[in-house]
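Fair warning: this is a prediction, and the values are worked out from it, not measured in the lab. Atoms within a ligand are numbered from 1 in the order they appear, just like the ligands themselves.
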Amino acid sequence: MMRLPKFEYRSPRTIAEAVKIIADAGPHGQFVAGGTDLYPNMKRRQQMPKTVITVMRLSELNRIEGEGKVGLTIGASVLLSDICDQPIIKRDYPVIASAARTISTPILRNMGTIGGNLLLDTRCNYYDQNYEWRKAINFCLKKDGDVCWVAPGSSKCWAVQSSDLVPVMVAIGAKFRLVSTLGERMVDAAGFYNDDGIDYLKKRPDELLVDIHLPPTNGWRASYQKLRRRGAFDFPVLGVAAYVRYEVVSNKALPNGRATYTQMRDRYISEAKIILGGIAPSPIEVTDAANVLIGKPLNDDQIQAAAEAAYIKARPLDNTDFVYQWRKQMARQYTIRALEALRTD
Ligand SMILES: Cc1cc2nc3c(=O)[nH]c(=O)nc-3n(C[C@H](O)[C@H](O)[C@H](O)COP(=O)(O)OP(=O)(O)OC[C@H]3O[C@@H](n4cnc5c(N)ncnc54)[C@H](O)[C@@H]3O)c2cc1C
Ligand code: SF4
């Protein structure tokens, strides 16, 4: 049985108290929410904080405020099971409720939080092993070693960003509020994740994620498709989030000057994003896919062209479940599925 290492457990009641404790603890401090990621990592000796500070008693982190018309704010400690079932999230942001429903198991969703999910450690077959296993291969770059077993010539770690909600948050343009003893800042989900399996967040360890700000739902739709081995529960080894904003146009030339309203029924796409998760240290935006969609209706030809762009951009490595060449093929297929779900005809 794997045991937790010894640590001091702190349970602050206010944000000010929480950020003071972590600032005082320095590099030995770490926040914990549901602990469904951190505690297994500690048991495997991948993370060894001496001071663990729970965020679950900070009331501000447990709130959900707003609605689709004005935007929604979700506290970082809201449980995944509440994200799945909360009526306003289900009504106005169904993509978030459905993506959350694919995360782990009901029991883990009753413990795990949305904040913990967005800050999940990156994953790799050579890293998510117990201490003895990792010691037997002389560890790796991400922890205690000096070689990457996935790309031995590489000075970079390629461990994979494996959260189901991250690609969705990037696609819909969410923002995160971070607080520390130095003050407060808002950061865009897009750009918050580094393409580096070790230094994977643009967040300092002393910063507390307080809440997640979702934009108003004026005219956009989004969907998420997840590839995993077991339907019951498994981390994503590919996740595709698709986002489109439709605009109804009058009988005049469209912005790209190539077609008219009468040729395109009544709706064209004015904004689009395809985000790939589960195949690299950070979520990947496929701008070529968006470019083939903008200014057009969402028909079979456009969906195929966008899926081809996603296939070209996807470069999974051999460090998660399934053969990586097949995961690359699936980027095409799952992009088709994600876009099909957004058709209005
Ligand atoms: C068997 C199993 C299956 C899983 N399957 C999936 C899956 O399919 N998809 C998926 O996305 N995830 C999966 N997970 C991972 C995990 O359960 C979820 O991502 C969960 O949402 C993590 O939330 P948590 O509250 O437990 O995070 P914790 O473990 O408490 O924290 C995770 C990280 O976030 C930090 N943190 C937490 N809250 C804050 C905060 N407010 N401010 C600053 N830092 C904070 C912690 O320091 C830690 O680094 C799985 C886990 C297990 C054990
Ligand atoms: S990608 Fe390489 S360095 Fe990173 S966890 Fe895997 S084996 Fe280790």
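The aromatic rings of Tyr93 and Trp220 sit tilted relative to each other, their planes meeting at an angle between 30° and 60°.
On a distance-only criterion, Gln47 and ligand 1 share no N/O pair closer than 3.5 Å. Taking any N or O of Gly34, backbone or side chain, at least one lies under 3.5 Å from an N or O belonging to ligand 1.
Heavy-atom proximity to Thr102, at under 4.0 Å, picks out these atoms of ligand 1: 8 (O). Below 4.0 Å from some heavy atom of Phe233 lie the following atoms of ligand 1, by number and element: 1 (C). Distances below 4.0 Å separate heavy atoms of Thr36 from the following atoms of ligand 1: 16 (C), 17 (O), 18 (C), 20 (C), 22 (C), 23 (O), 24 (P), 26 (O), 29 (O), 53 (C). The ligand atoms of ligand 1 that sit less than 4.0 angstrom from a heavy atom of Ser162 are 10 (C), 11 (O).
Hydrophobic clustering places Ile275 together with Val168 (ILVMFWY residues linked when any side-chain heavy atoms are closer than 4.5 Å, directly or through intermediates).
For the atom pair CG (Asn130) and CD (Gln46), the distance works out to 9.5 Å, reported to the nearest 0.5 Å.
At least one test fails for Arg134 against the ring of Tyr131: distance under 6.0 Å to the centre or angle within 45° of the axis. Figure legend: cation-pi geometry between Arg123 and Tyr127 absent, as NZ or CZ is not positioned both under 6.0 Å from the six-membered ring centre and within 45° of its axis.
Between Leu4 and Arg45, the shortest heavy-atom distance links the atoms C-NH1, 3.9 Å.
Excluding water, every protein N/O/S atom under 2.8 Å from atom 8 (Fe) of ligand 2 is given here by residue and atom: Cys140 SG.
A heavy-atom separation below 4.0 Å is not found between Pro49 and ligand 1. Taking 4.0 Å as the cut-off, Lys226 counts as a neighbour of ligand 1 on heavy-atom distance. The shell of residues lying under 4.0 angstrom from ligand 1, judged by heavy atoms, includes Gly35.
Not less than 6.0 angstrom separates the ring centroid of Tyr193 from the ring centroid of Tyr200.
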